[in-house]
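Below: one structure, written as structure tokens.
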Amino acid sequence: MAPRCWRSWLRPGEGDLPVQSGLIARDGVRLAWQRRGQPPGNSPTVVLAHGLTDAANTWGEVETRLATSFDVLSYDARGHGRSDRAGDYSVAAHTADLIELVRALHVLDPVLMGHSMGGVHSALAAAQLAPRAVVLEEPAWPEVADDGTKDIAASRRSVVEIADLTESQRADRCRNEHPTWSDRDISAWVEARGQVDPDAVSWFDSWAITNRWREHISQLCCPGLLVTGDVNPTVTTTAAAEATRLWPKVQVRRIHGAGHNARRDQFEPFWRILADFLKQL
């Protein structure tokens, strides 16, 4: 089915920057997106792809600051946020969604930026979208992480357990597990975890087969930024070193005190690294 797109224009946004929002449908699944910041075409577009069980709202302060200089496009992946639930949560389906979103909204020469699951999809989509640059925050590379062997049923139960908590209980849990997160990050996480389809964790069924990360990044010719942490990171130092060999134009930055959620664990160091990289483009 060809993608269809609905749009609404210029509702108030963070920092009084206009926001454009809408839905795009691919194969019967409606994906919710929002666009804020500078007028499309006048500034480079940064496309934000969130991680598993997160949503577009979890980009928070990163999105707000980017919007002062860029056209920023974020979206809820299928089964997340305001997007439809689906029967297919494979890496291939998610990646196809990202590609269609960019094409349907006529985005040219974007910066693709993804966290965890979204990092996987961004790297895969880059082969077809010819981006200006790719930014990967702790991408979920299965040959590096143990998550490729996750018990899907147990993962699903965990998602349901968190969703069944009250918002106050979810907030307390998040605050205890992530003491350096801002109130805005916690609120966004609470909302996202209450919206996600528990079956979305079936994504793990396909990633170890589909995401051959070494093969994919070796095909990237654009500048890249790989951001990871030093607190039980998904991307090990060995993997990061291999990434620089396979993707000569990538810069690797490791943030002290950050884990898998680098931008939320240590926001200001993350932002300085990101801003410096974008200035080079």
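Keep in mind the model is a prediction, meaning the values are calculated, not measured. Nothing fancy with the numbering, it's 1 onward along the sequence.
- Under a hydrophobic-cluster definition in which Ile, Leu, Val, Met, Phe, Trp and Tyr are linked whenever side-chain heavy atoms come within less than 4.5 Å, directly or via other members, V47 and L108 are assigned to different clusters.
- W181 places a side-chain heavy atom less than 4.5 Å from the side chain of W189.
- Side-chain contact check for T45 and D71: at least one donor-acceptor pair (N or O, by modelled atom type) lies under 3.5 Å.
- At distances below 3.5 Å, not a single donor-acceptor pair connects side-chain atoms of D197 with backbone N or O atoms of R85.
- In this structure, the side chains of V227 and L274 stay at 4.5 Å or more apart for every pair of heavy atoms.
- Residues E137 and S116 have side chains that never bring a donor and an acceptor to within less than 3.5 angstrom of each other.
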Set out, in order, the CA-CA distance, both residues' side-chain angles and the distance that settles salt bridge (charged side-chain N to carboxylate O under 4.0 Å, His left out) for R157 and E161, then state yes or no. CA-CA 6 Å; R157 287 194 297 271; E161 174 193 339; over 6 Å; no

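- Side chain of R26 to main chain of A93: a donor-acceptor pair is present (N/O by atom type, distance under 3.5 Å, no hydrogens or angles).
- Without hydrogens or angle criteria, S202 side chain to D199 main chain gives a donor-acceptor distance under 3.5 Å.
- With hydrogens and angles disregarded, a donor-acceptor distance shorter than 3.5 Å links the side chain of Q169 to the backbone of T166.
- Looking only at atom types and distance, the side chain of Y89 has no donor-acceptor partner in the side chain of D205 under 3.5 Å away.
- Checked by atom type and distance alone, the side chain of Q34 never pairs as donor or acceptor with a backbone atom of L73 at under 3.5 Å.
- Between the E138 side chain and the V235 main chain, a donor and an acceptor come within less than 3.5 Å of each other.
- Of the residues L165, V159, T58, the one that meets the side chain to side chain contact (heavy atoms under 4.5 Å, CB included) test with R193 is V159.
- Using a distance-only test at 3.5 Å, with no hydrogens or angles considered, a donor-acceptor pair links the side chain of S83 to the main chain of A32.
- Ion pair E100/R30 not flagged as a salt bridge, since none of the NZ, NE, NH1 or NH2 atoms sits closer than 4.0 Å to an Asp/Glu carboxylate oxygen.
- H115 places a side-chain N or O within donor-acceptor distance of the main-chain N or O of H260, the cut-off being under 3.5 Å.
- A donor-acceptor pair under 3.5 Å links the side-chain atoms of S206 to the main chain of V91, judged by distance alone.
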